[in-house]
Student: 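Quick one: the structure is below, questions incoming.
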Amino acid sequence: MGKNAKKAKDGRESLKIGVLISGSGTNLQAIIDAIDAGKVNAQVVLVLSSRPDAYGLQRAEAAGIPTVALNRDVYADAHAANQRIADEMKAAGAEYLVMAGYMRMVGAEVLDAYPDRVVNLHPALLPSFVGAHAIQDAFEAGVKVTGVTVHFANAEYDKGPIIAQKAVPVKEGDTIDELEARIHKAEHKLYPKVVGWIADGRVSLDESRHVVVAGK
């Protein structure tokens, strides 16, 4: 798996992560690139897609990363689908799961297999604009600032403990496509950074289940 399999310079083992996708996989690529550049001490051991035609699968294959593609038939039984995800990730040796444009909610089977070890990226400043149309919702609301959020996934959609956020301005005269491009650019910077924090053991939850990032 090339550079993905290397140890850090100080000899620490890299964190083995599984990535869940549904589409083009640009955030997956940002993570792969950060690993290859030595900025993130992690190894992507499996990329699993909810769609067999997701372009992100080609990105994974180009990087030598094993892939699994599910489809609508598999998701007809949500519990069975989530159990398969958990089983595939465990079999691949994944220690942490990263949702990168995965457009389905992970179920208890996954969350129980990876307690407080599933992270998600959302294209808005949570708790504002939850749901699948966050960029459009923020644009139509006329807000002057939106952004991106990295948070732990839990049983409530877009409500897990927040790890990090990055604000993105909505500029005068913006089209929704221009705003979306700016948000994606912010995602590609923030997500690998947070995965790096996790790989370095800097992210934890306190007794109140608030996120603590050591050395931030």
Side-chain angles (χ1 to χ4, degrees), residues 1-2 4-5 14-35 40 42-124 130-136 148-160 180 184 187-188 191-192 194-195 198-199:
M1 203 171 294
N4 283 342
S14 58
L15 179 71
K16 296 178 174 62
I17 61 174
V19 181
L20 302 174
I21 65 169
S22 294
S24 64
T26 58
N27 279 295
L28 165 65
Q29 190 66 59
I31 292 169
I32 292 171
D33 291 347
I35 291 171
V40 175
Q43 174 187 353
V44 182
V45 296
L46 182 66
V47 171
L48 185 146
S49 174
S50 64
R51 294 171 45 199
D53 61 346
Y55 184 71
L57 291 170
Q58 296 182 44
R59 295 180 187 273
E61 290 163 3
I65 300 168
T67 62
V68 171
L70 307 184
N71 57 37
R72 288 184 180 180
D73 292 340
V74 174
Y75 285 98
D77 184 337
H79 294 294
N82 278 287
Q83 187 60 58
R84 180 172 175 187
I85 292 168
D87 291 344
E88 294 278 8
M89 289 297 180
K90 287 291 186 181
E95 302 166 295
Y96 230 96
L97 302 189
V98 175
M99 299 168 68
Y102 182 70
M103 300 307 292
R104 291 180 178 270
M105 187 172 178
V106 293
E109 296 80 6
V110 176
L111 296 173
D112 289 347
Y114 289 91
D116 297 327
R117 285 181 288 138
V118 182
V119 292
N120 185 44
L121 177 69
H122 185 75
V130 301
H133 307 290
I135 298 174
Q136 181 177 343
V148 297
T149 301
V150 181
H151 66 99
F152 284 108
N154 62 14
E156 295 183 83
Y157 199 70
D158 292 336
K159 290 188 177 179
E180 184 172 1
H184 289 329
E187 291 175 346
H188 300 159
Y191 215 9
V194 172
V195 173
I198 291 168

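We use all heavy atoms of the structure for the numbers below, so side chains are in, but hydrogens, waters and symmetry mates are not. From a predicted model like this one, the values you see are computed outputs, not experimental measurements.
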Student: What residues form a side-chain contact (heavy atoms from CB on, under 4.5 Å) with S22, not counting sequence neighbours?
Tutor: S50, Y102, M103

Student: Looking only at heavy atoms, which two atoms of G93 and V45 are closest? And how far apart?
Tutor: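 Minimum heavy-atom contact is C-CG2, 4.3 Å.
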
Student: Taking it one step at a time, do H184 and E180 satisfy side-chain hydrogen bond (donor to acceptor under 3.5 Å, both in side chains)?
Tutor: CA-CA 6 Å; H184 289 329; E180 184 172 1; 3.3 Å; yes

Student: Name the one of I32, L20, I65 that satisfies side-chain contact (heavy atoms from CB on, under 4.5 Å) with V47?
Tutor: I65

Student: Can you give each donor-acceptor pair under 3.5 Å made by side-chain atoms of residues 150-157, sequence neighbours left out, with the distance rounded to 0.1 Å?
Tutor:
from, atom 1, to, atom 2, distance (Å)
H151, NE2, N120, ND2, 3.2
N154, OD1, E156, N, 2.9

Student: Looking only at heavy atoms, which two atoms of E187 and P192 are closest? And how far apart?
Tutor: O-CD, 3.8 Å

Student: Among pairs that include at least one residue of residues 51-67, which meet salt bridge (Lys or Arg N to Asp or Glu O under 4.0 Å), considering only residues two or more places apart or in two chains?
Tutor: R51-D53

Student: State which residues pass side-chain contact (heavy atoms from CB on, under 4.5 Å) with A134; sequence neighbours excluded, sorted by chain then number.
Tutor: H122, P123, A124, F129

Student: Which pairs pass salt bridge (Lys or Arg N to Asp or Glu O under 4.0 Å) with one or both residues in residues 77-88, sequence neighbours excluded?
Tutor: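 Found R84-E88.
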
Student: Please identify each residue that fulfils side-chain contact (heavy atoms from CB on, under 4.5 Å) with A69, with sequence neighbours left out.
Tutor: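 Counting only residues at least two positions away or on another chain, A69 forms a side-chain contact (heavy atoms from CB on, under 4.5 Å) with P52, L57.
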
Student: So, using side chain to side chain donor-acceptor pair (under 3.5 Å) as the criterion, who are the partners of S49 when residues are at least two apart?
Tutor: none

Student: Output all residues satisfying side chain to side chain donor-acceptor pair (under 3.5 Å) with H188, sequence neighbours left out; order by chain, then residue number.
Tutor: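 H188 satisfies side chain to side chain donor-acceptor pair (under 3.5 Å) with T26 once adjacent residues are dropped.
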
Student: With rounding to the nearest 0.5 Å, note down the distance linking CE in M99 to CE in M105.
Tutor: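 M99 atom CE to M105 atom CE measures 8.5 Å (nearest 0.5 Å).
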
Student: Mind listing the closest non-hydrogen atom pair of A94 and G18 along with its distance?
Tutor: CB-N, 3.7 Å

Student: Among pairs that include at least one residue of residues 95-124, which meet salt bridge (Lys or Arg N to Asp or Glu O under 4.0 Å), considering only residues two or more places apart or in two chains?
Tutor: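 Of all non-adjacent pairs touching residues 95-124, those that pass salt bridge (Lys or Arg N to Asp or Glu O under 4.0 Å) are D116-R209.
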
